[in-house]
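Written below as structure tokens is the structure these notes are about.
Start at 1 and go down the list; that is how both ligands and their atoms are numbered. Because only heavy atoms are used, hydrogens play no part in the values below, and waters and symmetry mates are left out as well, while side chains stay in.
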Amino acid sequence: MNTILKKIDKDNIDYSVMEMAGEILRRGEMVAFPTETVYGLGANALDESASAKIYEAKGRPSDNPLIVHISKEEQLEPLVKEIPEKARLLMEKFWPGPLTLIFKKKDTVPDGTTGGLDTVAIRMPDNAVALAMIDAAKVPIAAPSANTSGRPSPTTANHVMDDMNGRISMILDGGAVGIGIESTIVDVTGEIPMILRPGYINKSMLENVVGEVAIDKAILGPMDENSHPKAPGMKYKHYAPKADFTMYDGDIENVIKAINKRAKDYIDKGYTVGIICSDETRQRYQYGDVESIGTRQNEITISHNLYRILRDFDDKEVDYILGETFNTKELGGAIMNRLLKAAGYQVENV
Ligand code: TXA
Ligand code: MG
């Protein structure tokens with residue numbers, strides 16, 4: 001299959017390209033598109049054979065359900081059994097935006113899209129290209145992150161090209177995404193909304209709108225065979241770089257010392273080493289390939305670069321990645337959730 005790559009200026013959208021994308025989607029084929037979080041791999045959510053193609057292109061386990069993307073609120077009602085009051089409040093505050101809500105699904109949503117669950121995940125992305133594409137498709141769009149299963153999520157069209165070239169019909173290149181990590185997922189089917197995946201929209205932002213919010217405890221630490229996260233995708237070893245990745249936690253001076261020492265040890269033995277640090281500590285590392293992930297003063301710079309850095313180290317085929325940890329408040333919690341998973345929860349306390 002020949003994958004068409006089209007650059008789209010989000011401030012001056014070429015609607016003839018959107019029409020082309022819409023037509024491809026209605027035919028049951030796949031189009032990758034930018035969102036404010038990561039690039040998505042889209043197909044018609046109401047066509048079971050179209051969503052089956054997504055699983056095949058990604059190599060994704062078929063029990064891992066897809067998120068359905070809509071561009072207008074009126075698209076929600078035909079997909080879900082009820083819209084609880086707290087869901088309405090969250091939608092009003094955060095849609096379009098990086099918040100996915102879990103509803104009880106109607107039969108219009110095929111089992112193939114939800115991995116056989118009787119619930120469906122829905123979000124309205126805050127990205128002009130995504131919204132224009134969904135409008136042009138005239139159907140809701142099922143879209144996971146547009147990476148091969150197990151690789152870091154794509155934050156540029158080039159990342160999507162690396163993973164999906166020849167496997168999908170079209171990629172809409174809307175430039176680098178903003179946030180860089182996937183949407184917050186909140187289950188609104190129960191009395192107390194529950195966070196199933198942390199993201200840019202954090203617990204206190206949600207609590208300001210709907211009061212008490214719970215956190216699925218499966219997202220707080222490593223998973224064993226007995227844990228059953230409510231978001232099936234959270235059980236997989238996601239975002240895994242090819243290198244052996246260890247994080248160093250503790251007083252920052254100790255962290256710097258420990259990483260420098262370990263990097264030197266590895267390099268002396270002939271291995272290659274990548275270091276993930278911050279703008280504040282960039283100058284303190286002497287060995288290896290040192291990459292700042294962003295500034296601790298503004299965490300969105302960190303989430304923005306996170307997957308790109310992991311992919312870069314994959315491309316450079318470093319043997320080891322040594323990384324600093326970050327605070328776990330607000331966006332930091334979502335950042336550490338991704339980094340710890342990527343590191344397979346290997347943390348050295350120093
Ligand atoms: O930011 C995002 O959400 C991106 C962009 C493309 O929108 N999409 C994304 O999709 O991250 P994906 O497929 O990589 O992650 C979807 C997550 C998985 O962990 C899946 O298990 C969970 O959502 N999920 C989907 N439907 C669900 C449901 N009905 N109940 C519980 N979890 C669900
Ligand atoms: Mg994903």
> Does Lys105 approach ligand 1 within less than 4.0 angstrom via side chain, backbone, both or neither, non-hydrogen atoms only?
Replying inline: neither
> Is it true that Glu56 and Arg167 make a salt bridge, defined as a side-chain N closer than 4.0 Å to a carboxylate O?
Replying inline: no
>> Only heavy atoms of Ser183, strictly under 4.0 Å: list the atoms of ligand 1 that pass.
In response: 1 (O), 2 (C), 3 (O)
> Would you call Glu291 and Arg282 a salt bridge, using N to O less than 4.0 angstrom?
Replying inline: no
> Looking at Ile70, Leu101, Thr35, which one forms a side-chain contact (heavy atoms from CB on, under 4.5 Å) with Arg123?
Replying inline: Thr35
> Quick one: do Glu182 and Arg338 make a salt bridge, cutoff under 4.0 Å?
Replying inline: yes
> Which atoms from ligand 1 have a heavy atom of Ala121 less than 4.0 Å away?
Replying inline: 25 (C), 26 (N), 27 (C), 29 (N)
>> Using a 4.0 Å heavy-atom cut-off, which part of Asp187 comes near ligand 1: side chain, backbone, both, or neither?
In response: neither
> Is it true that Arg284 and Glu253 have a side-chain N and a carboxylate O under 4.0 angstrom from each other?
Replying inline: yes
> Hey, does Glu36 sit under 4.0 Å from ligand 1 if you only count heavy atoms?
Replying inline: no
>> Using a 4.0 Å cutoff against the non-hydrogen atoms of Leu66, which atoms of ligand 1 qualify?
In response: 25 (C), 26 (N)
>> Within the 4.0 Å heavy-atom shell around Glu182, which atoms of ligand 1 are there?
In response: 1 (O), 2 (C), 11 (O)
> Strictly under 2.8 Å, is any N, O or S atom of Ser145 next to the Mg ion (ligand 2)?
Replying inline: yes
>> Distance under 4.0 Å to a non-hydrogen atom of Leu117: what atoms of ligand 1 satisfy this?
In response: 28 (C), 29 (N), 30 (N)
> Hey, is ligand 1 close enough to Arg197 that some N/O pair sits below 3.5 Å?
Replying inline: yes
> Counting each atom of ligand 1 from 1 as listed, which ones have a heavy atom of Ile185 under 4.0 Å away?
Replying inline: 17 (C), 22 (C), 23 (O)
> Using a heavy-atom cut-off of under 4.0 Å, does the side chain or the backbone of Arg60 touch ligand 1, or both, or neither?
Replying inline: side chain
> Quick one: does Lys58 get an N or O within less than 3.5 Å of an N or O on ligand 1?
Replying inline: no
> Do other residues, nucleotides or ligands put more than 12 heavy atoms under 6.0 Å from the NZ atom of Lys93?
Replying inline: no
> So, Glu82 and Lys104, do they make that salt bridge, N to O below 4.0 Å?
Replying inline: yes
> Do NZ/NE/NH1/NH2 and the carboxylate oxygens of Lys105 and Asp111 come within less than 4.0 Å?
Replying inline: yes
> Just which atoms of ligand 1 are under 4.0 Å from any heavy atom in His69?
Replying inline: 5 (C), 6 (C), 7 (O)
> So does Glu74 pair up with Lys72, basic N to acidic O under 4.0 Å?
Replying inline: no
>> Please evaluate residues Arg308 and Asp312 with respect to the criterion salt bridge (charged side-chain N to carboxylate O under 4.0 Å, His left out), reporting the C-alpha separation (whole Å), side-chain torsions for both, the decisive distance (0.1 Å), and the verdict.
In response: CA-CA 6 Å; Arg308 178 190 58 75; Asp312 283 353; 2.8 Å; yes
>> Give the atom numbers and elements of ligand 1 that come within less than 4.0 Å of a heavy atom of Ile102.
In response: 27 (C), 28 (C), 30 (N), 31 (C), 32 (N), 33 (C)
